[in-house]
Amino acid sequence: MSDSTTPQNFEPRIVAFFCNWCTYTAADLAGTARMKYAANVRVIRTMCSGRFDPQFVFAAFREGADAVLLGGCHPGDCHYMEGNYKALRRFFLMRRFLESMGIERDRIRLEWIAASEGDKVQRTINDMTAAVRALGPLSMEKRALLHSADLSAAIDKPESRPAATKGGAA
Amino acid sequence: MSAEMSTNGAPKVGVYVCHCGINIAHTVDVNACTAFAASLPYVTVAREYKFMCSDPGQEIIQQDLRDGKINRVVVASCSPLMHEGTFRKATAVGGGNAFMFQMANIREHVSWVTLDKEMATDKAKALIAAAVSRVVHHAPLVRNRVPVHPDVMIVGGGIAGIHAALTMADAGKKVYLVEREPTIGGHMAKFDKTFPTLDCSACILTPKMSAVRSHPNITLWTYSEVAEVSGFVGNFKVKVRRKPRYVKEDQCVGCLDCIDACIYKTAKVPDEFNVGLSKRKPIYVPFPQATPLVAVIDPETCIEFKTHRCKKSCAEVCQKDAIDFTQTEQIAEVEVGSIILATGFKTFDATRIARYGYGKYANVYTSLEVERMVNAAGPTAGEVKLADGSKPKSVAIVHCVGSRDAHTNRYCSRVCCMYSLKLAHLLKERTEAEVYNFYIDMRTPGKGYEEFYDRLLQENVHFVRGRVAEISDWAMEKQEEGKLTIRVEDTLVGVVRRIPVDMVVLSVGLEPQADADDVRRKFNISCSHEGWFLERHPKLAPVSTFTDGVFLAGACQGPKDIPDSVAQAGAAAAEALALIDRGYVELEPNTAYSREELCSSCHTCVALCPYGAITFDTTKHAAVVNGALCKGCGTCVASCPSGALQQNLFTDEQIFEEIKGVLKYV
Amino acid sequence: MEQWHGWDKVSYESDLDHQFADEITSIPGGEKLFSCIQCGTCSGMCPLSTYMDFTPRQIVAMIRAGFRGEVLSSYTTWLCASCYSCTVACPQEIKITEIMYAAKRIALRDGVHPKRFPAQVLAGEFFDGVQRTGRSNEGPLLFRLFLKTKPLKMLGYAGLGLGLFRRGRISAKIESIKRKGELRTLLKTIENEHWVRRSPRSEHKETTK
Amino acid sequence: MKYLYYPGCSMKSTGKPYEESMLAVFSALNQGLEELVDWNCCGATAYMSISELKAFALSARNFALAEQQAVNGETNLIVPCAACYLGLNKAQKNLEEHKDIRAIIDKGLASAGLSYTGRFKVRHPLDVLVNDIGLETIQKRSIRPLAGLKVACYYGCQLVRPYAEFDDAHEPMVMDRLVTALGGTPVPWPLKTRCCGGSLTGTIPEVGLRLSYILLREAQQRGCDVIATACPLCQFNLECYQPKVSKMYKERIDIPILFFSQLMGLAFGLDRRPLGLHRLFVPFDRTFPVAAAEGGAHVG
């Protein structure tokens with residue numbers, strides 16, 4: 001897989017946003033169970049995946065992240081009823097936007113990880129780290145693009161009244 | 001309240017890196033992290049210490065606060081879910097505001113999960129930098145207090161629910177006890193004897209059941225289920241669906257004349273309480289000590305419900321006119337401050353292991369069926385009989401059916417070894433049969449348990465160490481003809497044995513209730529992988545959940561025997577009492593607020609809030625947040641195009657700073 | 001008849017091969033072997049365990065403990081008929097049948113298999129035939145097998161062979177695929193890789209060193 | 001749906017009556033089978049004792065050929081021999097789950113000008129007959145129902161273990177249901193997946209034959225008229241060694257061993273010769289009258 005242009009020692013930096021109740025707890029569980037995984041992911045905690053603002057993702061890329069991982073409760077399990085559905089809708093839009101800027105699909109990922117799924121945290125982080133390592137660092141040009149883009153205009157807030165958004169996100 | 005840089009003077013951040021013994025220090029270079037922290041902007045103090053959470057550790061922080069060296073605190077140690085409360089308190093005690101604090105999780109997220117020391121240290125540094133750059137933008141906050149409703153709801157009327165209810169009621173609290181079945185008592189009411197003392201289950205349980213019935217502080221709702229839960233700790237609203245029994249509970253005196261009078265002269269319907277080993281009539285009580293002792297009509301089988309042409313002899317004979325075919329489902333709504341879930345377990349469905357022949361061979365029984373069989377009040381009046389009515393001369397008890405197996409349940413069901421020993425004893429006592437126990441490991445930890453095993457070893461019971469491979473009716477030799485043959489490796493001898501027996505008892509494991517997933521959603525709690533309700537912390541908060549005010553008792557949290565269920569029920573009651581007697585709860589101040597002047601009146605947030613906490617104020621032309629209703633998810637904040645909405649502790653600025661910090665240095 | 005000469009039943013650590021388990025578990029999914037709880041389900045399920053010198057459960061324990069010589073020279077693996085009843089019943093999902101194959105392969109390679117059973121001859125004959133023609137030819141195969149192993153018993157089976165021949169169920173003709181070169185290239189390329197799979201455990205050991 | 005058909009070596013020799021009857025039955029159901037061109041040995045069990053990787057390579061070539069040949073979008077490969085069914089499935093599973101194995105096999109295939117995507121699914125004819133074609137169709141086609149015929153359905157081991165997903169690994173039922181649809185009576189017995197001795201009958205006869213004996217004896221004791229099999233090796237072991245087994249255990253063992261497809265052919269009213277019935281060692285001479293009522297068998 002490894003590309004000759006990719007430095008062998010490239011260690012990607014991945015910023016993760018985890019919700020407090022499911023995925024952050026699962027990451028704690030992975031720790032308590034001493035599951036070993038790649039050290040490339042740095043977690044920022046919010047109370048709910050509903051708090052994940054697309055701007056956070058762009059900011060992470062801008063500030064030097066090679067990838068962004070989002071983690072929330074499984075559908076139907078949100079501690080705040082449906083914040084994760086909001087996260088999902090934003091995710092699809094956000095990924096499309098990033099792709100349009102030439103940022104590869106594998107650099108942004110959304111996973112549902114329940115509080116009991118420590119092993120899934122381990123698996124997800126290992127998989128993602130390997131995938132991003134294969135992609136290599138995010139180029140400076142693309143980061144620069146994110147600097148210049150008028151993001152608030154580009155990402156029209158996807159929410160409107162629930163009835164209008166029924167039927168999917170992308 | 002604003003999250004702008006506080007008025008608390010220029011930011012002076014103290015960073016405290018914890019060794020956690022060697023838990024962190026073994027993998028993370030604590031000294032390097034401390035030196036790194038000292039180099040960060042606004043950091044005025046950076047220290048390391050063996051155990052930051054200990055009294056002396058907290059004292060270090062407090063002293064620095066008192067000395068005016070710092071006005072913001074970062075502790076790099078374990079998960080905030082573990083000790084955030086501890087350090088916030090320490091910060092407050094030292095004279096700071098509890099929320100001018102941030103934690104960096106370098107144990108669960110770093111030292112315990114990383115092999116490489118260098119990478120672990122780098123990751124720890126990044127997390128510390130993130131916390132520092134964020135805490136600079138923290139603002140002092142106050143917690144709101146809300147009163148706690150003193151009533152409690154207990155869901156499930158097995159031994160755990162009963163014990164919790166009596167404990168709470170005896171402490172003077174009003175208790176609603178909700179039970180799905182027509183009677184309380186749960187699984188324990190089905191057993192004949194209890195291990196390891198062999199005292200009679202009914203003798204110790206029925207007095208508690210009638211105490212529930214007569215207790216002035218307990219409202220007992222049997223044949224009822226929780227339909228809906230709303231609200232939050234201290235202030236839950238619960239809707240309970242009360243199914244119609246078609247017998248008025250307040251009129252029925254439990255004479256049971258109606259049952260005798262039913263036009264069905266013989267019982268035809270499989271009796272749920274006797275796990276199908278006997279039959280009941282459409283009008284019935286589950287068992288003679290049922291509490292409340294009130295008959296129930298099963299509309300699925302009652303002639304009146306099916307044809308409307310029954311002569312209703314049950315109603316005719318009732319002197320209290322208690323029979324009421326017109327009853328309908330009722331919804332009762334109550335307010336309570338706390339909830340204890342004691343919804344119990346179900347036994348493993350033995351048909352799932354085809355090799356054991358349950359459902360195929362008449363003389364293969366589950367342990368629960370045999371519990372009923374050996375019960376003097378059971379379907380056979382305590383006699384152990386084969387399908388043809390004869391007494392078995394040999395019995396095999398097969399352990400670990402549906403437990404310790406990747407194809408069914410990986411976990412050990414914990415109670416089966418002991419109840420198998422108990423059944424071995426009872427079967428020996430009742431039938432004088434040869435009794436074989438087939439086990440993988442004999443698990444008897446508990447007071448008096450190993451002694452009980454020792455006793456059985458002396459009772460001429462055979463013990464074969466090996467998991468039974470298959471049970472079948474093909475005979476290889478004369479002795480096996482007409483019998484069930486167990487094929488198993490006697491692992492202690494290293495030889496495969498074939499043992500013909502008359503009867504097989506499958507010691508089925510414990511599983512979460514079939515609807516555990518629906519129930520946990522109703523109460524907004526989590527389940528473990530296997531489907532058991534998840535406790536807040538396996539050791540330090542075993543009866544709490546991640547939802548404040550909802551507690552767990554008994555086997556709904558994991559397989560448990562009677563002593564453990566009762567102990568846990570007591571613990572859950574104590575937690576609920578502590579909550580009630582404190583009288584109030586302090587809420588996390590992580591609610592949303594609106595900077596009204598920035599609101600662009602798009603209304604997006606109003607429709608998004610699942611709690612209806614946001615309204616649009618037409619005079620101010622701005623969205624406003626009702627802090628009492630807001631639960632602090634932050635969904636509205638992420639959706640606000642103008643940045644008018646912000647969330648305390650999670651403002652845009654704080655999170656952007658955290659992102660910058662986590663990437664800037666390492 | 002048996003005379004007791006006295007023996008020392010202690011297994012010294014120096015007698016054991018602690019790399020053996022890693023070698024065996026290098027097969028795909030082989031690491032599950034370490035999860036064995038010694039319940040004996042495999043032996044109880046196995047229709048052949050009653051003829052084995054060690055039960056499948058014992059073999060697993062012996063592999064884990066490093067009894068290399070005993071495992072490789074035991075009859076157990078050669079008695080395995082690959083019916084997979086152990087594998088599907090194992091509560092820890094250990095691929096016991098595949099473990100048996102792995103042990104057989106190592107025993108054949110090292111030439112330490114028990115000489116009593118012709119199973120390895122069958123395997124070898126089969127292997128050669130398929131390499132050559134792309135197909136297995138039961139008639140010629142059985143013929144060669146009996147010639148190699150028990151020429152005198154041939155007579156006992158001659159009737160059966162004749163019966164099969166008469167019923168058109170066996171023939172002396174050698175069936176072969178058309179594009180033999182294609183198959184040869186495929187197998188040669190793979191052989192030239194000299195590929196050795198590593199067990200996750202031995203890899204883990206390396207990285208933590 | 002069209003199917004590609006992978007015979008495997010045994011179907012061309014000892015299992016000839018299996019192939020003949022199976023093809024006859026499928027054509028009676030108007031279901032064409034197209035034989036895989038230039039197929040090679042699946043890699044089977046003995047091969048795996050020497051080099052597992054080469055066994056995978058052999059299987060992979062078959063899949064690669066199937067993908068080449070599938071011009072009409074076929075994705076099902078019918079494999080009647082239980083050993084081939086297992087071997088091909090095993091190779092596919094390993095290629096799917098283990099990237100390292102996949103990489104090396106891909107390399108080998110490429111060197112021979114072949115490629116593999118894994119889109120073919122290995123199917124046993126029993127699975128296809130019951131789940132694709134359907135018992136209703138089969139029942140309708142059964143103009144001479146096997147009335148009163150007591151059948152021990154013997155699945156053998158490798159057909160249902162460990163990869164088959166269409167039935168239970170210890171208590172499979174498809175063949176029982178098929179026999180019922182044909183108008184016969186499946187006899188309950190607990191040995192339907194117990195090993196027949198496999199290749200041990202050839203290598204260690206004293207053990208292999210005992211396994212066959214256990215099966216034959218139990219079927220006979222339960223009053224079965226015939227044992228129905230779904231694997232060439234099982235059929236061979238159970239049928240061809242009956243005289244030997246009788247002598248060894250001093251017990252008369254005499255029970256016809258048919259392929260399930262032969263029973264189907266009989267129920268369909270096909271001639272005996274195209275079903276390969278003349279190739280049996282233990283003759284099966286029963287004939288079944290045409291059902292009186294229109295529409296074929298009456299099944300209770």
Side-chain angles (χ1 to χ4, degrees), chain A residues 11 13 15 17 20-22 24-25 27-48 50-56 59-60 63-65 73 76-83 86-87 90 114-117 121-122 125 152 156-162, chain B residues 78-82 105 107-116 119-120 122-123 126-127 130 520-521 524 526-530 534 538 546-547 588 590 602-605 607-608 610-611 631-641 643 647 649-650 652 655-656 658-660 662-664 666:
Chain A
E11 287 297 343
R13 295 192 301 168
V15 173
F17 297 90
N20 181 66
W21 302 99
C22 289
Y24 195 88
T25 310
D28 276 5
L29 177 66
T32 318
R34 311 296 200 274
M35 296 173 180
K36 302 290 183 261
Y37 57 80
N40 304 61
V41 172
R42 297 153 186 197
V43 180
I44 291 175
R45 180 174 68 115
T46 67
M47 294 311 287
C48 177
R51 179 71 184 91
F52 300 165
D53 190 324
Q55 304 262 21
F56 297 164
E63 302 297 333
C73 306
D77 283 4
C78 176
H79 192 79
Y80 303 100
M81 285 144 83
E82 48 195 23
K86 310 290 186 300
R90 289 179 195 139
S116 55
E117 295 179 316
V121 170
Q122 178 189 39
I125 289 182
S152 51
D156 190 10
K157 297 290 165 171
E159 280 76 22
S160 58
R161 280 155 221 285
Chain B
C78 49
S79 168
L81 304 184
M82 179 92 193
N105 183 350
R107 192 179 74 173
E108 281 84 345
H109 287 196
V110 183
S111 69
W112 278 351
V113 293
T114 313
L115 285 169
D116 185 283
M119 290 196 75
D122 280 353
K123 184 172 170 185
L127 294 179
R520 65 146 190 112
R521 273 178 203 197
N524 201 5
S526 302
C527 276
S528 65
H529 254 314
E530 303 84 12
L534 191 65
F546 285 102
T547 298
E588 270 285 294
N590 58 15
C602 74
H603 283 72
T604 304
C605 55
L608 269 183
Y611 305 101
K631 298 278 193 320
C633 64
T635 302
C636 57
V637 185
S639 79
C640 179
Q647 180 187 11
L649 287 173
F650 296 93
D652 282 343
I655 295 175
F656 281 128
E658 197 172 351
I659 296 168
K660 276 186 205 159
V662 85
L663 290 165
K664 190 166 181 183
V666 198

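Residue numbers begin at 1 in each chain, while the letters A, B, ... track the order of the sequences. All heavy atoms count here, side chains included; hydrogens, waters and symmetry mates do not.
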Task: Electrostatic pair A/Asp28:B/Arg107 at N-O distance under 4.0 angstrom - done: no
TODO: With a 4.5 angstrom heavy-atom cut-off, could you sort out which part of B/Leu663 is near chain A: side chain, backbone, both or neither?
DONE: both
- [ ] Would you please name every residue forming a side-chain hydrogen bond (donor to acceptor under 3.5 Å, both in side chains) with A/Arg45, sequence neighbours left out?
- [x] A/Asn20, B/Glu84
Task: Closest-packed option against chain B by number of heavy-atom pairs under 4.5 Å, given A/Ala38, A/Cys22, A/Ala65 - done: A/Ala65
Open item on the list: With chain B as the partner, which of A/Thr25, A/Ile125, A/Leu29 has the greatest number of non-hydrogen pairs under 4.5 Å?
Closed with: A/Thr25
- [ ] Return the set of residues passing side-chain hydrogen bond (donor to acceptor under 3.5 Å, both in side chains) with A/Glu117 (not counting sequence neighbours), or none when no residue passes.
- [x] A/His74
- [ ] Against chain B, label A/Val43 side chain, backbone, both or neither, depending on which of its atoms sit under 4.5 Å from a heavy atom there.
- [x] both
Task: Engaged part of A/Val41 at the chain B interface, taking heavy atoms whose separation is under 4.5 Å - done: backbone
- [ ] Assess whether side chain to side chain contact (heavy atoms under 4.5 Å, CB included) is satisfied between A/Arg90 and B/Ser639, documenting all intermediate values.
- [x] CA-CA 9 Å; A/Arg90 289 179 195 139; B/Ser639 79; 3.7 Å; yes
- [ ] Using a cut-off of under 4.5 Å on heavy-atom pairs, state which of A/Ala30, A/Gly76, A/Gly64 scores highest against chain B.
- [x] A/Gly76
TODO: Side chain from CB out, backbone as N, CA, C, O: work out which of these in A/Arg13 comes under 4.5 Å of a heavy atom of chain B, or both, or neither.
DONE: side chain
Task: Exam field: side chain B/Lys123 to backbone A/Asn40, donor-acceptor pair closer than 3.5 Å - done: no
Open item on the list: Between A/Met81, A/Glu11, A/Arg42, who has the most heavy-atom pairs with chain B when the cutoff is under 4.5 Å?
Closed with: A/Arg42
Task: Proximal component of A/Cys78, with respect to chain B [non-hydrogen, under 4.5 Å] - done: backbone
TODO: Over all heavy atoms of both residues, which pair between A/Cys48 and B/Cys633 is shortest? Give the atoms and the distance, please.
DONE: CB-O, 3.4 Å
Open item on the list: For the backbone of B/Trp112 and the side chain of A/Lys36, can you confirm whether one donor and one acceptor N or O come within less than 3.5 Å of each other?
Closed with: yes
Task: Between B/Arg521, B/Glu108, B/Glu658, B/His109, the one whose heavy-atom pairs under 4.5 Å with chain A are most numerous - done: B/His109
- [ ] Spell out, as yes or no, whether a donor-acceptor pair under 3.5 Å connects the side chain of A/Arg51 to the backbone of B/Phe650.
- [x] yes
Open item on the list: What verdict does the side chain to side chain contact (heavy atoms under 4.5 Å, CB included) test give for A/Met47 and B/Gln647, after you've listed the backbone C-alpha separation in whole Å, the side-chain angles of each residue and the deciding distance to 0.1 Å?
Closed with: CA-CA 10 Å; A/Met47 294 311 287; B/Gln647 180 187 11; 4.0 Å; yes
Task: Engaged part of A/Tyr24 at the chain B interface, taking heavy atoms whose separation is under 4.5 Å - done: both
